[in-house]
Amino acid sequence: MDTEKLKAIADENRLAIVTLLSGGERCICEVASELGLSDALVSHHVKRLTDAGVVLVRRVGRWRHCRLDDAVLRELGEQLLALGAAAKAAPAVAAECRACASEPTREEKS
């Protein structure tokens, strides 16, 4: 799993940007206006998302339009779904491990 993508999306403002971009391509100024953030702050966060490979940016004159890289997000989603499926299939109670079995319990220490 690509931790850089997860770290990039984990920020509150970047998650809001990703959520907004899930509705389609937007200009940086539109994103800033929708989220009540400055253009500079949105540009900073979009750069981080672009560096992580989550967002694609294209120039239109002096404007920058951004959109999600749906293939990257789909792959990340599939990896998270696989983790969820593995967790669901795992036993609810773990078998006692050897390290725990060799340690005295609190009662035995007293």
Side-chain angles (χ1 to χ4, degrees):
M1 180 144 338
D2 190 335
T3 58
E4 289 307 309
K5 288 175 181 51
L6 291 172
K7 282 191 251 181
I9 296 170
D11 177 85
E12 182 179 343
N13 287 326
R14 290 191 291 265
L15 181 58
I17 292 168
V18 168
T19 301
L20 186 61
L21 293 178
S22 69
E25 183 177 272
R26 301 280 178 101
C27 178
I28 295 283
C29 62
E30 287 179 281
V31 174
S33 176
E34 280 286 320
L35 299 178
L37 302 171
S38 71
D39 287 2
L41 183 59
V42 169
S43 291
H44 166 77
H45 287 304
V46 166
K47 170 107 172 70
R48 178 75 165 82
L49 290 165
T50 302
D51 290 347
V54 175
V55 168
L56 301 170
V57 176
R58 69 181 181 95
R59 286 207 172 272
V60 179
R62 58 176 246 186
W63 307 106
R64 288 182 301 141
H65 291 244
C66 45
R67 65 182 171 88
L68 297 177
D69 186 333
D70 60 321
V72 166
L73 288 175
R74 199 170 30 253
E75 180 183 332
L76 192 58
E78 288 169 2
Q79 291 171 350
L80 290 170
L81 285 172
L83 282 176
K88 185 177 180 180
V93 177
E96 192 171 316
C97 73
R98 290 185 296 267
C100 293
S102 65
E103 298 259 338
T105 63
R106 287 185 190 184
E107 293 81 32
E108 293 171 343
K109 288 180 182 179
S110 303

With sequence neighbours left out, write down each residue that passes salt bridge (Lys or Arg N to Asp or Glu O under 4.0 Å) with [X], or none if nothing qualifies.
| X | answer |
| --- | --- |
| R74 | D70 |
| R59 | none |
| D51 | K47 |

Any link between [X] and [Y] through a network of hydrophobic side chains (Ile, Leu, Val, Met, Phe, Trp, Tyr) touching at under 4.5 Å?
| X | Y | result |
| --- | --- | --- |
| L15 | V57 | yes |
| L76 | V72 | no |
| W63 | L41 | no |
| L73 | V46 | yes |
| L49 | L56 | no |

Exercise: identify the closest heavy-atom pair between [X] and [Y]:
| X | Y | answer |
| --- | --- | --- |
| C66 | L21 | O-CD2, 3.5 Å |
| R14 | A8 | NE-O, 2.7 Å |
| S43 | R64 | OG-NH2, 2.5 Å |
| C29 | D39 | CA-OD1, 3.8 Å |
| L68 | V18 | CD1-O, 3.6 Å |

Mind jotting down which residue pairs meet the side chain to side chain donor-acceptor pair (under 3.5 Å) criterion with at least one end in residues 20-36? Sequence neighbours excluded, please. E25-R58

Counting C-beta onward and ignoring hydrogens, is there a side-chain heavy-atom pair between D69 and V54 closer than 4.5 Å? no

Once side-chain hydrogen bond (donor to acceptor under 3.5 Å, both in side chains) is applied, do any residues pair with R48, and if so which ones, sequence neighbours excluded?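 Result, side-chain hydrogen bond (donor to acceptor under 3.5 Å, both in side chains) vs R48: none returned.
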
What distance do H45 atom NE2 and I17 atom CD1 have between them, rounded to the nearest 0.5 Å? 6.0 Å

Calculate, to the nearest 0.5 Å, the distance between atoms CD and NZ belonging to E75 and K5 respectively.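 So the gap between those two atoms works out to 7.0 Å.
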
Under the rule for side-chain contact (heavy atoms from CB on, under 4.5 Å), what residues qualify as partners of A16, not counting sequence neighbours?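 L35.
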
